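Heavy-atom basis, side chains included; hydrogens, waters and symmetry copies ignored. Just so we're clear, the structure is a prediction, and the values are computed from it rather than from any experiment.
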Amino acid sequence: MTAPSSSPQKRKPNLDSVTTINDDGSRLFLHPADVSGRFTFFRRVFGALLLLIYVSLPWIYINGNPAVFLDVAERRFHLFGLTFLAKDLYLSFFVISGLGFTLFYVTALFGRLWCGWACPYTVFLEHVFRRIERWIEGDAPARRKLDAAPWTPQKIAKRVAKHAAFFLCATLIAHIFLSYFVSLKALYGFMHESPFNHLGAFGVVAFLSIVLYFCFSWFREQFCIILCPYGRIQSALTDEHTVVIGYDGKRGEPRGKASNPDAGDCIDCHRCVNVCPTGIDIRNGLQLECIGCAACIDACDDVMAKLKRPKGLIRYDSETALEGGKTRWLRPRVFLYTFFLAAGAVAMMFAVNSIHSTQATLTRMRGQPHYVTAEGVRNQYNLFLETKLNEETEFTVKVADAPKGLQVSG
């Protein structure tokens, strides 16, 4: 029987339904408890580094332009000192496919590591919005108590403060995102003018702010469970030798009290469920909702340390190793992904080497191929010169091996 939504971690797990849906079909709002430990520490440091990179790149100038500046209006794309034109966008095929195969490669070896550690959605949700929520409303028990409490002035004040902070953060994230396309200098100028003077930019910021606020204040883990396709294809990318977060059933079962000498190491405290951002019970095996954040590992290790039992009841390991076997790192899929990554890297290297900082294109103008006049024969061409150098460039145009009497005009 499902418990009230104010105590979601006590409900009986239903392996045939989504973890955030009650038996009656209503939404189960999760309140993951805070956790500390080695993996949580490194995740927070890594998340803070990613946030710092996201905020800093528009401020860092290389060769006269921001480190990442996708100038769509001028169709010039500046990436860490290199400038690409619209005709160079075919290189994005190699970049996107390379990132895709890298993701496949990492997934084949370490499972859904991207989702829990580096996915922008997870980074913003876990390291920004949920930190704000814990700061204003308290940890999981306090938040569940606040949900069940009547609407008092104190509850209204906390909710208003939380959602105001959420919307402010969403707006800041949207403004930083826009600065990647218009530059901070232009964005600062937009902010000092009427929104009607830059309706396109204002509309983008307003739309992104509303979407981000909706996602991080209400939709939350539903994006990872319902919308993100990565969790659904992970079963095709992993196998029994992939290192994932798993529960050592041989050591933990049967579950029982710590004082029971016949019970396994798992005391069924539900601490691993309480800290899970998607509300799953990792003891039921690897599930679609698991994002590989390792919060359950730190929670379980903390309990094991208090009981003076070995850590690692829940740990990063392969299904084969959890069953007593040995993880095999070199497998056909690993070789296949390595081959595709190497082939893509070689192809991209040749493609990049074919790009030059300047380029000239000479084409015959439309109409007659030539004109005969009293002065002679006249041919008309269009000469198109372009440069990717971020400075004034002077070209000298000459005709090699020009015939006698040739004159160049225009």
Side-chain angles (χ1 to χ4, degrees), residues 47-89 91-92 95-96 119-125 127-133 135-136 157 159-220 223 357-358 384-394:
L49 177 62
L50 293 177
L51 290 170
L52 180 63
I53 292 173
Y54 176 71
V55 174
S56 300
L57 284 179
W59 295 86
I60 301 173
Y61 275 71
I62 303 176
N63 291 340
N65 286 290
V68 178
F69 180 27
L70 308 177
D71 191 355
V72 179
E74 298 294 333
R75 294 183 293 280
R76 296 171 70 87
F77 308 96
H78 309 278
L79 300 174
F80 303 102
L82 301 176
T83 299
F84 300 92
L85 303 180
K87 64 172 60 179
D88 301 326
L89 285 181
L91 291 174
S92 61
V95 175
I96 294 173
C119 174
Y121 191 88
T122 302
V123 170
F124 286 128
L125 178 59
H127 303 302
V128 178
F129 290 87
R130 278 194 169 135
R131 302 310 301 175
I132 292 174
E133 186 173 55
W135 176 60
I136 295 176
R159 287 293 161 88
V160 169
K162 182 182 76 170
H163 287 280
F166 281 178
F167 192 77
L168 176 61
C169 287
T171 304
L172 289 174
I173 294 171
H175 276 81
I176 295 171
F177 180 79
L178 182 62
S179 70
Y180 279 86
F181 297 88
V182 301
S183 80
L184 279 173
K185 183 178 180 181
L187 180 61
Y188 186 74
F190 292 172
M191 294 169 64
H192 283 75
E193 299 179 17
S194 170
F196 295 102
N197 294 342
H198 307 281
L199 280 177
F202 179 78
V204 169
V205 169
F207 175 77
L208 283 178
S209 299
I210 293 172
V211 170
L212 291 172
Y213 169 74
F214 168 77
C215 287
F216 294 126
S217 67
W218 188 84
F219 202 56
R220 297 200 159 186
F223 180 89
S357 59
T358 59
F384 183 71
L385 303 173
E386 58 185 347
T387 176
K388 299 171 188 175
L389 302 175
N390 298 314
E391 57 188 23
E392 290 187 4
T393 306
E394 182 176 320

Does the side chain of Ile176 come within less than 4.5 Å of Leu184's, by heavy atoms?
no

Taking the six-membered ring for Trp, are Phe129 and Phe166 ring centroids under 6.0 Å apart?
yes

Test log, rule side-chain contact (heavy atoms from CB on, under 4.5 Å), inputs Phe80 and Leu57:
CA-CA 9 Å; Phe80 303 102; Leu57 284 179; 4.0 Å; yes

What are the two closest non-hydrogen atoms of Val128 and Cys169, and how far apart are they?
CG1-SG, 4.1 Å

Would you compute the distance between atom CG of Leu70 and atom OG of Ser179 and round it to the nearest 0.5 angstrom?
10.0 Å

Atom CZ of Arg131 with >12 non-hydrogen neighbours under 6.0 angstrom:
yes

To the nearest 0.5 Å, atom OG1 of Thr83 lies from atom CD of Glu74 at 12.5 Å

With a 4.5 Å limit on heavy-atom distance, are the side chains of Phe181 and Leu187 in contact?
no

In this structure, OG1 of Thr171 is separated from CD1 of Ile210 (nearest 0.5 Å) by 9.0 Å

Is it true that His192 and Tyr188 have ring centroids separated by less than 6.0 Å?
yes

Residue pair Ala174 / Ser209: nearest heavy atoms and the distance that separates them
CB-OG, 3.5 Å

Where do Phe124 and Cys215 land on the side-chain contact (heavy atoms from CB on, under 4.5 Å) test, with the steps shown first?
CA-CA 10 Å; Phe124 286 128; Cys215 287; over 6 Å; no

Parallel, tilted or perpendicular: which one describes the rings of Tyr121 and Phe216, with boundaries at 30° and 60°?
tilted

Taking the side chain as every heavy atom from C-beta outward, state whether Glu386 and Thr358 have any pair of such atoms under 4.5 Å apart.
no

Shortest non-hydrogen contact between Arg76 and Thr387, atoms and distance
NH1-O, 3.1 Å

Side-chain donor-acceptor contacts of residues 60-68 below 3.5 Å, not counting sequence neighbours, with atom names and distances?
| residue | atom | partner | partner atom | Å |
| --- | --- | --- | --- | --- |
| Asn63 | ND2 | Gly81 | O | 3.1 |
| Asn65 | ND2 | Asn390 | OD1 | 3.3 |

Output all residues satisfying side-chain hydrogen bond (donor to acceptor under 3.5 Å, both in side chains) with Arg220, sequence neighbours left out; order by chain, then residue number.
Glu133

Does the plane of the ring in Tyr54 sit parallel, tilted or perpendicular to the ring in Tyr180? Use 30° and 60° as the thresholds.
parallel

Pairwise side-chain contact, Phe77 with Asp88, heavy-atom cut-off 4.5 Å (strictly under)
no

List the steps and the verdict of side-chain contact (heavy atoms from CB on, under 4.5 Å) for His163 and Tyr213.
CA-CA 8 Å; His163 287 280; Tyr213 169 74; 2.9 Å; yes

Expected list for residues 193-204: side-chain donor-acceptor pairs under 3.5 angstrom, two or more places apart:
| residue | atom | partner | partner atom | Å |
| --- | --- | --- | --- | --- |
| Glu193 | OE1 | His198 | NE2 | 2.8 |
| Ser194 | OG | Phe196 | N | 3.3 |

Should Arg130 and Leu125 count as side-chain neighbours, where that means a heavy-atom distance under 4.5 Å?
yes

